[in-house]
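Worksheet: one structure, shown below.
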Amino acid sequence: MLTRLAISTHEEVYRVEDRESGLRGFIALHSTRLGPAAGGLRMRTYEGDDAALEDVLNLSRGMSYKNAAAGLPLGGGKAVILGDPDHAKTPALLRAMGRAINRLQGRYWTAEDMGMSPEDMAELSRETRFVAGLNSGTHASGDPSPVTARGVLGAMRAGAAQLWGTQNLSGRHVAVQGLGHVGWHLCHLLHESGAKLSVADMNPAHVASTVREYGATMVDPRSIHAVDADIFAPCAIGGVLNPRSIPEIRARMVCGAANNQLASPEDAERLRARDILYLPDYVANGGGIVNVAAEILRIAPRAPWVDERLDAMQARMAHILARASGEGVSPAMIADRLVEEQLLQVAV
Ligand code: NAD
């Protein structure tokens with residue numbers, strides 16, 4: 001059952017329920033001004049419906065900004081399912097979600113997010129064609145993480161040019177927090193670029209392989225943000241830039257893949273006051289959605305198109321940093337302003 005909720009900040013919001021499979025979730029379309037709303041499907045345990053609704057509203061709004069910043073003809077949307085993906089995820093539940101997505105007739109496109117895998121996307125695709133992040137098929141885009149890492153590297157180069165007058169990262173010391181899908185690829189690219197690495201992860205196996213493969217130095221996860229490095233790269237969880245961590249950061253630049261790195265908008269100003277260059281996360285980590293967009297938009301051949309978009313993202317980051325420096329405000333503020341201007345320019 002798909003029930004429409006009236007929420008003034010978003011174009012369309014739905015509660016999704018299916019008694020038979022136990023599905024409970026939400027789909028939110030924040031904006032379709034630039035194109036169909038696109039953003040992943042997340043499954044996790046929530047404290048209740050209100051918490052899940054708040055998450056889907058925030059995440060879908062974030063996708064409008066990320067898609068616009070990546071220069072994509074896509075709006076912002078997101079879907080969430082309440083429940084533990086390790087125990088409550090069944091083919092019947094996924095197919096019920098697939099049917100709900102299909103009823104939106106392409107105004108919302110889904111893909112993988114937390115708690116979902118390419119196999120789950122394949123299950124959804126049995127009910128709807130409005131799903132990306134598949135592993136097989138003509139336009140399948142597979143794991144977005146390598147492209148996300150390339151985008152983050154490009155952003156770091158833009159930041160290096162702004163701070164040190166050169167894009168060259170050789171000899172720069174980067175502290176990477178989180179060595180999962182993106183963090184690992186980022187370490188690989190940084191190592192190839194001649195950077196020196198300090199790394200931390202909660203999973204000792206991830207740390208051990210990065211130390212072995214890339215000569216990285218292992219750091220306690222509790223103090224990776226405080227390493228005396230040139231760049232701090234959050235690639236694990238959100239909220240790591242907060243009133244407690246910011247005074248301890250010694251790097252001149254923060255640039256990583258993690259979503260929602262700032263605990264609150266005021267933390268962007270706290271970083272600026274400490275002369276730390278914070279590269280807005282949703283601009284730096286847009287490579288993943290570029291990869292998915294190639295699948296949604298049926299782009300062929302995909303590689304040159306993706307390369308072009310990544311170059312454009314790096315140029316956009318350079319522009320944001322230059323404007324922020326010129327106006328004496330945080331890059332986060334400029335990034336938001338550019339997207340809001342972009343959305344206003346599009347006729348509804
Ligand atoms: P992942 O789950 O593969 O990796 C996260 C890693 O962080 C894991 O190895 C985990 O052990 C580690 N970790 C968790 N908490 C930690 C902590 N407190 N300190 C140190 N390490 C910790 O996730 P991922 O796909 O690599 O994504 C990383 C971040 O980037 C997430 O915030 C994600 O939302 C964001 N992101 C990912 C993509 C993508 O393409 N995968 C795209 C955009 C944004």
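For clarity, every value in this text was computed on a predicted model and none was experimentally measured. We use all heavy atoms of the structure for the numbers below, so side chains are in, but hydrogens, waters and symmetry mates are not. Indexing begins at 1, ligand by ligand and atom by atom, following the structure's order.
Closest to atom 11 (O) of ligand 1 among all protein heavy atoms lies D201 OD1, 2.5 Å. Of all protein heavy atoms, the one closest to atom 28 (C) of ligand 1 is C235 O, 3.3 Å. Atom 33 (C) of ligand 1 has N259 ND2, 3.9 Å as its closest protein atom, hydrogens excluded (heavy atom only). The protein atom (non-hydrogen) at minimum distance from atom 19 (N) of ligand 1 is M202 SD, 3.8 Å. Distance from atom 43 (C) of ligand 1 to its nearest protein heavy atom, with residue and atom name: N285 O, 3.7 Å. Of all protein heavy atoms, the one closest to atom 4 (O) of ligand 1 is G180 CA, 3.2 Å.
Polar contact with ligand 1: present for A257 (N/O pair, distance under 3.5 Å). At a 3.5 angstrom cut-off on N or O pairs, V182 counts as close to ligand 1. Checked by distance only, ligand 1 and G183 stay at 3.5 Å or farther apart across all their nitrogen or oxygen atoms.
Scanning G256, A236, P221 for the heavy atom closest to atom 22 (C) of ligand 1 points to A236. When the options A200, S145, P144 are ranked by their closest heavy atom to atom 41 (N) of ligand 1, first place goes to S145.
With Y214 as the aromatic partner, R212 does not meet the cation-pi criteria of under 6.0 angstrom to the ring centre and within 45 degrees of the ring axis. Geometric assessment of R172 against the ring of W164 yields a positive cation-pi assignment under the 6.0 Å and 45° thresholds.
Connection of V199 to V240 is not established within any shared hydrophobic cluster, with ILVMFWY side chains joined at heavy-atom distances below 4.5 Å, either directly or through further cluster members. Using a 4.5 Å cut-off between side-chain heavy atoms of Ile, Leu, Val, Met, Phe, Trp and Tyr, with links allowed through other members, F130 and V56 fall into different hydrophobic clusters.
Residue-level proximity to ligand 1 for H181 is carried by backbone and side chain together, each with a heavy atom below 4.0 angstrom. Proximity of T148 to ligand 1, defined as any heavy-atom pair under 4.0 Å, is confined to the side chain (atoms from C-beta onward).
Around atom CG of D50, no more than 12 heavy atoms belonging to other residues, nucleotides or ligands sit under 6.0 Å away. Within a 6.0 Å sphere centred on CZ of R298, other residues, nucleotides and ligands contribute more than 12 heavy atoms.
Distance check on atom 2 (O) of ligand 1: every protein heavy atom falls at or beyond the 4.0 Å cut-off.
Close approach to G178 involves these atoms of ligand 1, each under 4.0 Å from a residue heavy atom: 7 (O), 21 (N). Contact atoms of ligand 1 toward I237: 15 (N), 18 (N) (distance under 4.0 Å to a heavy atom of the residue). Contact atoms of ligand 1 toward H206: 9 (O) (distance under 4.0 Å to a heavy atom of the residue). Here is the list of ligand 1 atoms found below 4.0 Å of a heavy atom in A258: 29 (C), 30 (O), 32 (O), 35 (C).
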Kindly indicate, with the supporting measurements, whether the criterion salt bridge (charged side-chain N to carboxylate O under 4.0 Å, His left out) is fulfilled by R24 and E17. CA-CA 5 Å; R24 267 169 70 210; E17 272 171 304; 5.7 Å; no
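Looking only at side-chain heavy atoms (C-beta outward), Y46 and L53 stay at 4.5 Å or farther from each other. In this structure, L241 and I249 have side chains that are in contact, with non-hydrogen atoms separated by less than 4.5 Å. With contacts defined as side-chain heavy-atom distances shorter than 4.5 Å, the pair V16/M1 does not qualify.
Ring planes of H30 and Y65: tilted class, angle from 30 to 60°.
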